[in-house]
Amino acid sequence: MNIEYITKKFEGISPEGFNVVISKENYISLEKINNTILNKIYCGNLNAFFLTNISSSIIFFEIENILNNKYELGQNNPTIDILGNKFLFKHDYQEILIQLPVSLDTEAGIDKACQLIQQYIEQEAIPFFNYWQDIRDFLPFLETKNNGFIADLFSGDGFYKKVIIWKLCSHPGYNELIEEMFEIFMQELKESPKDKLLKKDYDKYIKIIKTLEKTKPLYEWDEKYLIQKPYIK
């Protein structure tokens with residue numbers, strides 16, 4: 001099937017402000033960049049001409065640029081994806097997923113894919129994007145000391161993302177948090193001095209902390225940031 005035809009059909013179901021993007025690996029998605037945020041809806045693989053999954057993710061450049069000072073769009077994982085989001089809010093779109101895979105190599109298959117993607121956009125993606133519009137939206141969920149929960153919330157590097165968000169939002173517990181983690185690293189390195197992965201994690205942590213020392217917060221702290229807003233579907 002002609003890629004231009006698929007692109008045109010997907011343009012017809014794109015939410016306002018979204019563009020059809022084909023990556024160099026031939027994955028097709030709907031994407032919108034709004035200030036320092038990228039919203040993305042995954043829509044299939046043009047190498048195999050199949051839609052095998054539909055998912056959505058958000059990249060906050062304010063966070064990713066500190067995690068990696070040479071960050072380029074498409075590197076690493078997003079800041080958060082809808083899989084992490086379901087740990088907080090109900091997401092049940094199994095009725096969509098059970099209809100996959102769908103071929104993108106026939107007009108009928110493309111029409112079916114468009115119907116499923118549009119249903120997913122309205123039911124799941126738009127509420128997801130509407131909720132996570134600012135790094136301060138994460139703050140009510142970051143008060144926990146349960147690092148497993150933090151890891152599930154984000155798409156990788158959960159604790160580092162918490163540290164970055166607390167610094168950028170002037171959280172009063174930031175200094176205590178980074179000292180606690182430093183002491184944990186020291187103890188673990190003492191117990192396992194030959195653990196290369198642990199040393200790599202520690203080096204990454206120190207690099208992030210040094211970057212944050214030179215980074216001005218984006219927001220003054222306000223206790224109201226800890227009030228969780230409702231998730232509207």
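Numbers here are sequence positions counted from 1. Just so it is clear, the values below take in all heavy atoms, side chains as well, and ignore hydrogens, waters and symmetry mates. These numbers were taken from a predicted model, which means no experiment stands behind them.
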field: Partners meeting side chain to side chain contact (heavy atoms under 4.5 Å, CB included) with E191 (sequence neighbours left out)
entry: Q187
message: Test of understanding: clusters of I, L, V, M, F, W, Y form through side-chain heavy atoms closer than 4.5 Å, transitively. Do V21 and I110 belong to the same one?
response: no
Side chains of residues 45-57: which donor-acceptor partners sit under 3.5 Å, not counting sequence neighbours?
| from | atom 1 | to | atom 2 | distance (Å) |
| --- | --- | --- | --- | --- |
| N45 | OD1 | N47 | N | 2.7 |
| N47 | OD1 | N26 | ND2 | 3.1 |
| N47 | ND2 | E25 | O | 2.8 |
| S56 | OG | Y120 | OH | 2.6 |

message: To the closest 0.5 Å, what do you measure between CG (L38) and CD (E64)?
response: 10.5 Å
- line: Apart from I227 itself, its cluster of hydrophobic side chains linked below 4.5 Å comprises none
- request: Return the minimal non-hydrogen interatomic distance between D134 and I37, and the atom names on each side.
  value: N-CD1, 4.4 Å
message: If the condition is side chain to side chain contact (heavy atoms under 4.5 Å, CB included), which residues does Q133 pass it with, not counting sequence neighbours?
response: N130, D137
message: Contact between F185 and L198 at the side-chain level, heavy atoms closer than 4.5 Å - yes or no?
response: yes
Intermediate values then yes/no, side-chain contact (heavy atoms from CB on, under 4.5 Å), I135 and L218: CA-CA 10 Å; I135 63 170; L218 298 176; 4.3 Å; yes
Minimum heavy-atom distance between L153 and I80, given as atom pair plus value: O-CG1, 3.5 Å
task: Apply side-chain contact (heavy atoms from CB on, under 4.5 Å) to the pair F149 and L88, showing each step before the final yes or no.
output: CA-CA 10 Å; F149 171 83; L88 303 176; 3.4 Å; yes
field: Minimum side-chain heavy-atom gap F18-I13 below 4.5 Å
entry: no
field: Pairs satisfying salt bridge (charged side-chain N to carboxylate O under 4.0 Å, His left out), at least one member in residues 3-13, at least two apart
entry: K9-D111
query: In terms of side-chain heavy atoms, does Q123 have a donor or acceptor partner in E95 at a distance below 3.5 Å?
result: yes
task: Sequence neighbours left out, what pairs pass salt bridge (charged side-chain N to carboxylate O under 4.0 Å, His left out) with at least one residue falling in residues 33-45?
output: E31-K40
- prompt: What distance do I165 atom CD1 and I150 atom CD1 have between them, rounded to the nearest 0.5 Å?
  reply: 8.5 Å
Run the side-chain donor-acceptor check on residues 204-215: report pairs under 3.5 Å with partners two or more places apart or on a different chain.
| from | atom 1 | to | atom 2 | distance (Å) |
| --- | --- | --- | --- | --- |
| K204 | NZ | D157 | OD1 | 3.0 |
| K204 | NZ | D157 | OD2 | 3.1 |
| Y205 | OH | I178 | O | 2.7 |
| T211 | OG1 | K207 | O | 3.0 |
| T215 | OG1 | T211 | O | 2.7 |

- request: Take D201 and Y160, measure what side-chain contact (heavy atoms from CB on, under 4.5 Å) needs, and give me the verdict at the end.
  value: CA-CA 10 Å; D201 285 344; Y160 301 140; 3.6 Å; yes
message: Using 0.5 Å steps for rounding, measure from the CD1 atom of I28 to the CD1 atom of I22.
response: 4.5 Å
field: Candidate list F60, F154, F138, test ring-ring contact (aromatic ring centres under 6.0 Å, His included), partner W132, passing option
entry: F138
- prompt: With side chains defined as the heavy atoms from C-beta onward, is the minimum distance between I58 and T79 less than 4.5 Å?
  reply: no
message: Closer than 3.5 angstrom, by distance alone: can the side chain of K161 be matched with the main-chain N or O of G156 as a donor-acceptor pair?
response: yes
query: Taking C-beta and beyond as the side chain, do F129 and N34 meet within less than 4.5 Å on heavy atoms?
result: no
query: NZ/K200 to CG/D195 distance, rounded to the nearest 0.5 angstrom?
result: 12.0 Å
query: With ILVMFWY side chains joined below 4.5 Å, transitively, what does Y27's cluster contain besides itself?
result: Y42
- request: Would you name the heavy atoms of A113 and L104 that are closest together and state the gap between them?
  value: CB-CD2, 3.7 Å
message: Between K162 and L142 (side chain of the first, backbone of the second, donor and acceptor by atom type, cut-off under 3.5 Å), is there such a pair?
response: yes
From OG (S14) to CD (Q118), nearest 0.5 Å: 9.5 Å
query: Under the side chain to side chain contact (heavy atoms under 4.5 Å, CB included) test, which residues partner P217, sequence neighbours left out?
result: K167, S170
task: Would you check if there is a donor-acceptor pair between the side chains of E176 and H171 at a distance under 3.5 Å?
output: no
field: Listed once per pair and sorted, the salt bridge (charged side-chain N to carboxylate O under 4.0 Å, His left out) pairs that draw on residues 177-189, sequence neighbours left out
entry: K145-E180
Pi-cation contact, Y131 with K229 (under 6.0 Å, within 45°): yes
- request: Could you list all the salt bridge (charged side-chain N to carboxylate O under 4.0 Å, His left out) pairs where at least one residue sits in residues 122-132, not counting sequence neighbours?
  value: E124-K233
Intermediate values then yes/no, side-chain contact (heavy atoms from CB on, under 4.5 Å), I82 and Y93: CA-CA 11 Å; I82 206 160; Y93 50 99; 3.6 Å; yes
message: Contact between L30 and I121 at the side-chain level, heavy atoms closer than 4.5 Å - yes or no?
response: yes
task: Side-chain contact test, heavy atoms from C-beta onward, threshold under 4.5 Å: evaluate it for I41 versus F128 and give yes or no.
output: no
task: Considering only NZ, NE, NH1 and NH2 on the basic side and carboxylate oxygens on the acidic side, decide whether K199 and D203 come within less than 4.0 Å.
output: yes
Side chain to side chain contact (heavy atoms under 4.5 Å, CB included) against K194, all qualifying residues, sequence neighbours excluded: none
- request: Find the distance between CD1 (I164) and SG (C169) and round it off to the nearest 0.5 Å.
  value: 11.5 Å
